[in-house]
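Lettering of chains follows the sequences in order, A, B, ..., and the numbering in each one begins at 1. Quantities reported herein were computed from a predicted structural model and do not represent experimental measurements.
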There are 2 protein chains.
Amino acid sequence: MATGWQEIHDEALRRIQSRDWPPGALIPNEAALAREFGCARATVNRALQGLAKAGWLERRRRAGTRVTLSPQRRGQLAIPLIRHEIESKGQIFSHAIITRQTAEMPSPQRAALGLQGAPYAQHVQTLYLADARPFAFEDRWVNLAAAPDFATAPLDRISPNEWLVQNAPFAHGTLDYSAAPANTAGPHLNCQPDTPLMILERRTFGPDAPVTHVRLSYAPNFHLHLKI
Amino acid sequence: MATGWQEIHDEALRRIQSRDWPPGALIPNEAALAREFGCARATVNRALQGLAKAGWLERRRRAGTRVTLSPQRRGQLAIPLIRHEIESKGQIFSHAIITRQTAEMPSPQRAALGLQGAPYAQHVQTLYLADARPFAFEDRWVNLAAAPDFATAPLDRISPNEWLVQNAPFAHGTLDYSAAPANTAGPHLNCQPDTPLMILERRTFGPDAPVTHVRLSYAPNFHLHLKI
DNA sequence: GATTCAAATATGTCTATACATAAACAAAAT
DNA sequence: ATTTTGTTTATGTATAGACATATTTGAATC
């Protein structure tokens, strides 16, 4: 008899996907399932909670558990360091600092980060390469109030991205993918200014203050892959 | 005293993010934390398992639990039905079938779905609209062997996407976002053929057979948003 | 008829205990 | 020196029982 919560999880998922338990249907309650599988209610609970978190089930106290009507899939999008993304494909990672200077953060970035006043910031443009070929062009503003050490960080060996991941406390952030013409990133990525590129705009916040705003232009043919 | 597993989860996350528990560090074992928080070990376990699943901790039997060195963030990317995506912004959703015909599935789609031979399929082009303005253009091939009823499904009220979600059993699939020129989708989306667009290529598989291949061209200014 | 209140019920969670399992470590055998 | 074997330890998971909490349902009251 299958008693592991994983097995119950898998069997329940099979019933959902095969429509033994059709969308919208109320499934047997935990006690009944525990009896059926010959295990404790807590074990069923563990399995069903996982399915609920993954969006397959909707559970409400007293009302019971039902199969989600139109399951809104959630893709697990892994957001690796660019270095890992490149190295995982067996390519050699490198990066080159194009420009680096301290200045007042311009208005668009300030607005995106919700910063008041005219905070000091460092502006860094970096080219990331895979096997010495351009992979992505990064335009980054770092709020020096939130990460003062960044001003003097040695960015020749370790990339700005990785330095911040390792040295700045992280609380939350947003990602925003869109499509846009290469424009000024074109020359760095060996493509025309009108070439369509994937753009990633990223805002990162520490526990107390916004840390950095990044606009990343991926080289042509980049694609974002998810399994669901 | 905080005894809920959520509270322990949050406190542990705070310690990780504030670097009380720095990257790579071994954290106290479950028994010690249970003592500290005044709860049972199972409660600590519940909290830490969540953090491990979210990528903050790495746990190995006997070796203990340590903070992930360079936490690879996983964004939860919600993949809503287009209808929900539009309606959640308070806009009116509608769709229009542009073309619909049964034919042999062409080679690229066949390859993408891993289909042998020359399976019968239905080809549907659909325009999705938000407040009567083009939102996305869909080019879809449906494997009729996997979803025979689709051939006669009434697609005037319910969109192809939604019909399949509700009527075809689902097992797994892949998503692939990229940037490309609008090309032939341009006229439908009121933009030039060279306008950069976000493209979503989606493959969906049932329990037994591939179901559908979709190429979705989003109108300009579409962006994919994630919080982490 | 409308409102309030009290059961009944399904899930949410904690506890204490037990055993399983993987891995690190050390001791013993080859 | 190398391999094998056993011990220890931390996590993984199951269990029964208990209580908490949300919600439905229906009865009692206004």
In a table with atom names and distances, give each donor-acceptor pair under 3.5 Å that connects a side chain of residues 208-218 of chain A to protein atoms at least two apart or in another chain.
residue: A:T212; atom: OG1; partner: A:R140; partner atom: NH1; Å: 3.2
residue: A:T212; atom: OG1; partner: A:W141; partner atom: O; Å: 2.9
residue: A:H213; atom: NE2; partner: A:E201; partner atom: OE2; Å: 3.1

Table please: side-chain donor-acceptor pairs of residues 146-159 of chain A below 3.5 Å, with sequence neighbours left out.
residue: A:T152; atom: OG1; partner: A:D149; partner atom: O; Å: 3.4
residue: A:S159; atom: OG; partner: A:E162; partner atom: N; Å: 3.2

Would you mind writing out the side-chain donor-acceptor pairs for residues 128-135 of chain A within the sub-3.5 Å range, not counting sequence neighbours?
residue: A:Y128; atom: OH; partner: A:E138; partner atom: OE1; Å: 3.0
residue: A:Y128; atom: OH; partner: A:E138; partner atom: OE2; Å: 3.3
residue: A:D131; atom: OD1; partner: A:I92; partner atom: N; Å: 2.7

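Rounded to whole angstrom, the span from the CH2 atom of A:W5 across to the P atom of D:dG12 amounts to 11 Å. In this entry the distance linking CD of A:E58 with P of C:dT11 reads 14 Å, nearest Å. Atoms CZ (B:F37) and P (C:dT15) sit 13 Å apart, rounded to a whole Å. The CZ atom of A:R66 sits 13 Å away from the C1' atom of D:dT24 (whole-angstrom rounding). Taking atom NE2 of residue B:H9 and atom C1' of nucleotide C:dC14, one finds them 18 Å apart after rounding to whole Å. What separates CG of A:L51 from C1' of C:dT11 is a distance of 15 Å, to the nearest Å. If you measure from atom CD of A:E7 to atom C1' of D:dA14, you get 12 Å, rounded to the nearest angstrom.
In the region residues 24-33 of chain A, proximity to DNA chain C at under 4.0 angstrom, judged on heavy atoms, holds for A:N29, A:E30.
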Protein heavy-atom contacts under 4.0 Å, written 5' to 3' over nucleotides 16-24 of chain C as B (base), S (sugar-phosphate only) or - (none), form the string --B--BBBS
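Counting only distance, with no hydrogens or angles, the side chain of B:R203 and the backbone of B:A112 share a donor-acceptor pair below 3.5 Å. In this structure, B:R66 contributes its side chain and B:E58 its backbone to no donor-acceptor pair below 3.5 Å.
Each of A:R41, A:R35, A:R61 was compared with A:E30 under the salt bridge (charged side-chain N to carboxylate O under 4.0 Å, His left out) criterion, and only A:R41 meets it.
For A:S94, there are no side-chain hydrogen bond (donor to acceptor under 3.5 Å, both in side chains) partners at least two apart in sequence or on another chain.
Using a 4.0 Å cut-off between charged side-chain N and carboxylate O, B:K89 and B:E85 make no salt bridge.
Phosphate proximity of C:dA10 to A:T65: absent, as no side-chain N or O sits under 4.0 Å from OP1 or OP2. Phosphate proximity of C:dT13 to B:T43: absent, as no side-chain N or O sits under 4.0 Å from OP1 or OP2. Note on A:Q6: every side-chain N or O is 4.0 Å or more away from OP1 and OP2 of D:dG12. Taking only side-chain nitrogens and oxygens, B:N45 comes nearer than 4.0 Å to OP1 or OP2 of D:dG12. The shortest distance between the side-chain N/O atoms of B:R59 and the OP1/OP2 oxygens of D:dG12 is below 4.0 Å.
Checking D:dT13, D:dG12, C:dT11 against every side-chain atom of A:R46, the shortest atom distance belongs to D:dT13.
Atoms OG1 and NE2, from A:T126 and A:H95 in turn, are 6.5 Å apart once rounded to the nearest 0.5 Å.
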